[in-house]
Visitor: 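Okay, here's the structure, questions in a sec.
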Amino acid sequence: AKENKRAFFEFFNPTMNEKAEATMLLEKQVRVALDEDQFEIYYQPIIAAESGEICRAEALVRWRHPDNGLLLPAEFIAPLERCRIIHEFGLEIIRKVGEFSKELSDIKKLSGDFRISINMSPAQFLEPHFTEKFNACQKEVQFDWRKIEVEVTEKSFISNAKHADKVMLELQSYGVSFALDDFGLGYASLTHLTTLPIGLVKIDRAFIASMNNNPKNRDIVLAIIEATQRLGCAVAAEGVESEEQKLFLERSGCDLLQGFLIAKPMPQSQFLDFVDDKHST
Ligand code: C2E
Ligand code: CA
Ligand code: CA
Ligand code: CA
């Protein structure tokens, strides 16, 4: 019956078929990549604006593809979100982060509040058995829940707010914290901050970059910082690339800074060196 169905699509709907073929091919490649351990995690430090202390490391996946070199997430995450294998991929990221988090727990130089943040696409987050599977990963790897932050975007709440709320409260009860990624100014976003267990808001890179072209955009950034802090959240600025931006954000009371000015995402071993260098100087 499956073969018949395929034949049907091939005959009547070539574009849909092409899409399906591409998806199947990606599924297959990701299956191989998981088996052969081709996914690598890079870590980008996030520092406290005031003290310079490393507060977070954002886990950013790279695919060391045997034929196509090192692929950035922009080249594969979006199509992967349409595949069932995204769930297995996501659990692999959790396991890898969990392992590294355990390794970092021995490093005295990192503050007790240090966490690794994991990006979670709405498709992963809204999967019905997400919490159970996350739990199973924790049982397997034995990482400390309190060392993990999950970065979600608004898209995760908009389609199914009730479910998202349930998942977040359950994970929060284990010790996981949540950051709202790619934050832009909007009424809905501010409402979410009061109803969901979000501890950190990450101002989208585009806003930080926009401060250069138009000084008025600085007021927008200021307003975001003030509003989110008033609602009880810490604020991080993404994409900090210049000293000027850094200075402005520090003066504006922004809590955390992330960007190429501080450091680019780097392999695990290099992150260990970064921690070592940062605190020995
Ligand atoms: P994001 O969550 O917004 O992550 C920040 C992105 O900004 C990263 O790109 C990082 O390398 C880049 N970045 C950081 N500082 C600067 C800067 O100063 N200037 C500029 N121009 N860029 C900066 P990356 O690593 O290519 O990741 C892109 C996106 O892919 C991420 O955006 C995230 O949405 C997604 N992603 C990455 N890893 C994962 C993952 O494990 N799972 C899922 N579901 N998505 C992931
Ligand atoms: Ca992120
Ligand atoms: Ca972001
Ligand atoms: Ca983004």
Side-chain angles (χ1 to χ4, degrees), residues 26 30 33-34 38-47 55-64 69-101 115-127 130 133-134 137 148-156 177-184 189 198-212 224 228 235-246 248-249 254 256-268 270-271 274:
L26 182 67
V30 171
L34 287 169
Q38 292 169 10
F39 293 109
E40 275 176 41
I41 302 189
Y42 276 41
Y43 292 92
Q44 187 177 30
I46 303 176
I47 62 166
C55 298
R56 299 279 192 283
E58 181 171 1
L60 296 160
V61 70
R62 270 78 182 115
W63 183 352
R64 196 165 293 280
L70 194 68
L71 302 180
L72 290 170
E75 295 169 90
F76 63 90
I77 289 283
L80 191 58
E81 281 173 347
R82 291 190 291 270
C83 302
R84 259 166 313 158
I85 207 159
I86 180 84
H87 303 299
E88 229 171 297
F89 162 85
L91 297 173
E92 177 69 3
I93 304 297
I94 291 171
R95 279 192 286 267
K96 280 190 189 300
V97 166
E99 293 286 359
F100 190 45
S101 166
R115 289 170 182 264
I116 301 183
S117 43
I118 307 179
N119 289 286
M120 212 61 79
S121 57
Q124 295 173 269
F125 198 70
L126 296 173
E127 200 258 335
F130 178 67
K133 288 177 178 166
F134 205 144
C137 280
I148 302 295
E149 185 154 270
V150 169
E151 294 194 3
V152 292
T153 59
E154 248 179 316
K155 284 189 214 113
S156 298
S177 63
F178 290 92
L180 183 57
D181 204 0
D182 303 338
F183 187 83
S189 315
I198 291 162
L200 177 69
V201 168
K202 300 185 77 177
I203 306 174
D204 195 79
R205 204 169 75 211
F207 276 98
I208 305 304
S210 76
M211 298 196 300
N212 301 344
I224 296 177
T228 53
V235 193
E238 296 188 310
V240 180
E241 293 183 349
S242 70
E243 281 295 344
E244 198 187 343
Q245 290 169 340
K246 181 167 178 269
F248 174 79
L249 290 160
C254 185
L256 305 179
L257 305 174
Q258 175 181 13
F260 292 171
L261 180 73
I262 292 113
K264 289 195 170 175
M266 58 189 99
Q268 198 167 301
Q270 223 171 298
F271 183 79
F274 181 87

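Numbering starts at 1 and runs along the sequence shown. Each ligand, and each atom within it, is numbered from 1 in the order the structure gives. These figures come from a predicted structure and were not determined experimentally.
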Visitor: Measuring from non-hydrogen atoms of Lys202 to any atom of ligand 1, is the shortest distance under 4.0 Å?
Guide: no
Visitor: Which is closest to atom 23 (C) of ligand 1 in terms of heavy atoms, Phe260, Tyr42, Phe76?
Guide: Phe260
Visitor: Can you tell which part of Arg205 has a heavy atom less than 4.0 Å from ligand 1: side chain, backbone, both or neither?
Guide: side chain
Visitor: For Val61, is at least one N or O under 3.5 Å away from an N or O on ligand 1?
Guide: yes
Visitor: Salt bridge check: are Glu92 and Arg95 linked by an N-O gap of less than 4.0 Å?
Guide: yes
Visitor: Provide the number and element of each atom of ligand 1 under 4.0 Å from a heavy atom of Pro265.
Guide: 11 (O)
Visitor: Check whether any side-chain heavy atom of Phe183 lies under 4.5 Å from a side-chain heavy atom of Val235, and answer yes or no.
Guide: no
Visitor: Please confirm whether Ala74 approaches ligand 1 to less than 4.0 Å, judged on its heavy atoms.
Guide: no
Visitor: Looking at Ser101 and Val97, would you say the former's side chain and the latter's main chain have a donor-acceptor pair under 3.5 Å?
Guide: no
Visitor: Would Glu241 count as a polar contact of ligand 1, with the cut-off being nitrogen or oxygen pairs under 3.5 Å?
Guide: yes
Visitor: When you measure from the side chain of Glu75 to the backbone N and O of Leu72, does any donor-acceptor pair fall under 3.5 Å?
Guide: yes
Visitor: Could you list which atoms of ligand 1 come closer than 4.0 Å to a heavy atom of Gly239?
Guide: 16 (C), 17 (C), 18 (O)
Visitor: Mind counting the protein N, O or S atoms sitting less than 3.0 Å from the Ca ion (ligand 2)?
Guide: 4
Visitor: From Phe134 CZ over to Gln124 CD, what is the distance, rounded to the nearest 0.5 angstrom?
Guide: 10.0 Å
Visitor: Answer yes or no: is there a side-chain heavy-atom contact under 4.5 Å between Glu238 and Asp182?
Guide: yes
Visitor: Which atoms of ligand 1 have any heavy atom of Asp182 under 4.0 Å away?
Guide: 3 (O)
Visitor: Would you say Gln124 contacts ligand 1, with heavy atoms under 4.0 Å as the rule?
Guide: yes
Visitor: Which residues satisfy the salt bridge (charged side-chain N to carboxylate O under 4.0 Å, His left out) test with Glu88, sequence neighbours excluded?
Guide: Arg31
Visitor: Near Glu58, which atoms of ligand 1 are under 4.0 Å from a heavy atom of that residue?
Guide: 2 (O), 4 (O)
Visitor: Counting from 1, what ligand 1 atoms have a heavy atom of Ser121 closer than 4.0 Å?
Guide: 44 (N)
Visitor: Could you pull out all residues at least two apart from Arg82 that satisfy salt bridge (charged side-chain N to carboxylate O under 4.0 Å, His left out)?
Guide: none
Visitor: Is Phe76 close to Phe89 at the side-chain level, that is, under 4.5 Å between some pair of heavy atoms?
Guide: yes
Visitor: On the 0 to 90° scale, with breaks at 30° and 60°, tag the Phe125-Phe178 ring pair as parallel, tilted or perpendicular.
Guide: perpendicular
Visitor: Quick one: does ligand 1 sit under 4.0 Å from the side chain of Val240, the backbone, both or neither, non-hydrogen atoms only?
Guide: backbone
Visitor: Under a 4.0 Å heavy-atom limit, does Gln258 contact ligand 1 with its side chain, its backbone, both, or neither?
Guide: neither
Visitor: Going by salt bridge (charged side-chain N to carboxylate O under 4.0 Å, His left out), name the residues that satisfy it together with Glu244, two or more places apart in sequence or in a different chain.
Guide: Arg218
Visitor: At a non-hydrogen distance cut-off of under 4.0 Å, which region of Gln44 contacts ligand 1 (side chain, backbone, both, or neither)?
Guide: side chain
Visitor: Both conditions, 6.0 Å and 45 degrees, for the charged tip of Lys133 above the ring of Phe130: are they met here?
Guide: no
Visitor: Provide the number and element of each atom of ligand 1 under 4.0 Å from a heavy atom of Glu238.
Guide: 3 (O)
Visitor: Indicate, with yes or no, if the rings of Phe100 and Tyr43 have centres closer together than 6.0 Å.
Guide: yes
Visitor: Check each of Ala179, Gly90, Pro122, Pro73 against atom 27 (O) of ligand 1 and report the one with the nearest heavy atom.
Guide: Pro73
Visitor: Got a salt bridge between Lys202 and Glu58, using NZ or NE/NH1/NH2 to carboxylate O under 4.0 Å?
Guide: yes
